[in-house]
There are 2 protein chains.
Amino acid sequence: MTELEKGPKGRRRGRGARERILGASRQLFREQGINRTGMDQLCAAAQVSKRTAYQHFTGKDELVTEYLRRFDPAVLSGVFDRTDLTPRERLLAAFDIPPSTPLCPYIAAAVELHDPQHPASQYARDYKKAVAARLTDTAREAGAADPEQLGEQLALLIDGAATRTRVLDDDAFPTAAAIAAVLIDNAVPATAGDDRRGEEVPR
Amino acid sequence: MTELEKGPKGRRRGRGARERILGASRQLFREQGINRTGMDQLCAAAQVSKRTAYQHFTGKDELVTEYLRRFDPAVLSGVFDRTDLTPRERLLAAFDIPPSTPLCPYIAAAVELHDPQHPASQYARDYKKAVAARLTDTAREAGAADPEQLGEQLALLIDGAATRTRVLDDDAFPTAAAIAAVLIDNAVPATAGDDRRGEEVPR
DNA sequence: CCGTAAGCACACAGGACGGTGTACTTAGCA
DNA sequence: TGCTAAGTACACCGTCCTGTGTGCTTACGG
């Protein structure tokens with residue numbers, strides 16, 4: 001019974017205050033930002049007593065870090081594990097984000113916290129590197145000449161689009177996708193016409 | 001004598017508290033962020049009494065807005081008005097930023113303030129549009145087929161590099177510059193070899 | 001040299017914030 | 001049913017924040 005109190009069902013032991021707290025975090029941190037969301041308000045929204053919150057998390061910093069840690073599954077696997085797409089299509093699918101997302105929470109956290117040493121900032125860094133790595137893997141699959149370079153470039157495009165969407169309040173992902181298409185076509189040797197073929201290219 | 005109290009010399013009327021405040025803002029807002037810099041600390045750094053600060057600015061919001069407004073001259077004209085470079089070189093020069101800049105202050109402000117209605121956020125938006133417009137102009141000079149698209153694309157690259165540099169704590173501008181070179185070469189009709197020629201291309 | 005406006009020192013209001021202490025109630029399982 | 005861990009209610013602390021009120025000093029131009 002060491003630490004399995006929070007399984008996927010989360011019904012063991014208690015009534016799931018932790019999940020409610022994290023759910024409220026997801027909503028409020030996105031709507032108002034991290035710094036502008038107080039613990040009082042957060043606990044009220046989660047319908048959790050403040051005392052309980054501080055029994056689950058040693059402080060707001062830890063809550064923020066855990067809040068970030070709960071984003072991976074949907075985003076990362078949701079895009080890169082789609083076997084119905086060619087590698088090239090998968091690379092481009094990373095730019096098909098629903099217009100709901102206000103701003104990549106990792107960027108927002110890193111900017112708001114303003115401390116590179118903060119655990120959440122470090123995690124944001126790790127996450128961004130992981131995304132670039134997955135892009136690199138997919139770029140390699142697609143047959144790119146320099147997959148690392150292409151992965152890094154596409155990652156930069158995604159972050160640029162996210163930032164610009166936020167600052168300008170106007171969807172910048174189509175622009176980024178257009179650049180991505182150019183970069184991919186330039187990086188993949190023209191002889192390998194894998195645009196529409198679902199087959200895996202040998203490496 | 002309507003409003004010329006703050007000329008370049010700034011010696012008229014008093015001893016220049018306003019400029020000292022804005023100078024301290026430039027330093028502290030960049031080093032610590034806007035939200036994490038209190039007015040007390042800022043006034044101490046500026047060697048200005050708090051009372052004086054609030055006689056120059058109705059509130060912190062106005063100070064932040066004015067702080068952003070003081071950035072233009074160096075950045076915008078410093079890059080785009082260089083007549084010693086070809087248009088193409090000028091476009092690429094936008095990516096030669098000194099490694100001192102922590103993060104584009106406009107992005108930082110927009111994210112930190114977290115309110116699109118805030119005057120500073122609106123100004124950040126205007127500024128970003130102005131930069132894109134100048135890039136578009138230069139792209140047109142360089143003979144790009146679709147200068148507006150290229151300008152928007154380069155602006156996205158700059159913001160992506162700025163964001164990524166901040167989040168990853170690693171200079172991303174070379175990557176962005178590499179992408180920019182590809183985009184420029186793709187956008188400019190191959191026949192017009194203006195790479196090294198200082199002459200103005202007719203539009 | 002003197003008046004006026006700029007600036008100063010400093011205390012303080014009023015609120016939001018993160019975080020804690022204490023005594024109580026409930027949920028779930030054996 | 002009764003024990004134990006999870007959750008609750010709520011008052012409270014110290015700190016920091018933006019912003020003000022008041023009375024004083026200084027710089028500078030006429």
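We name chains A, B, ... by the order of the sequence lines, and we start the count at 1 in each one. What's counted below: heavy atoms across the whole structure, side chains too, no hydrogens, waters or symmetry copies.
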Could I get the full list of salt bridge (Lys or Arg N to Asp or Glu O under 4.0 Å) partners for B:D137, not counting sequence neighbours?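 Per chain and number, B:D137 pairs via salt bridge (Lys or Arg N to Asp or Glu O under 4.0 Å) with B:R140.
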Among all residues two or more places apart in sequence or in another chain, which pass the side chain to side chain donor-acceptor pair (under 3.5 Å) test with B:R82?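 B:D84.
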Partners of A:T37 by side chain to side chain donor-acceptor pair (under 3.5 Å), sequence neighbours excluded?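 With sequence neighbours excluded, A:T37 shows a side chain to side chain donor-acceptor pair (under 3.5 Å) to A:Q32, given in chain and number order.
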I'd like to compare against my own output: the B/S/- annotation of nucleotides 16-22 of chain C with a strict under-4.0 Å heavy-atom distance to protein. -SBBBBB
Hey, can you pull the donor-acceptor pairs under 3.5 Å for the side chains in residues 44-52 of chain A, sequence neighbours left out?
from, atom 1, to, atom 2, distance (Å)
A:S49, OG, A:R51, N, 3.4
A:S49, OG, A:T52, N, 3.2
A:S49, OG, A:T52, OG1, 3.0
A:K50, NZ, A:D40, OD1, 3.2

Side-chain N,O (B:H56) to OP1/OP2 (C:dG7) below 4.0 Å: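 Affirmative; the distance criterion is met.
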A:T52 side chain near D:dA6 phosphate (N/O to OP1/OP2, under 4.0 Å):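 No, no such contact exists.
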Sequence neighbours excluded - ring-ring contact (aromatic ring centres under 6.0 Å, His included) pairs with any residue from residues 26-53 of chain B: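 Every pair satisfying ring-ring contact (aromatic ring centres under 6.0 Å, His included) with a residue in residues 26-53 of chain B: B:F29-B:Y67.
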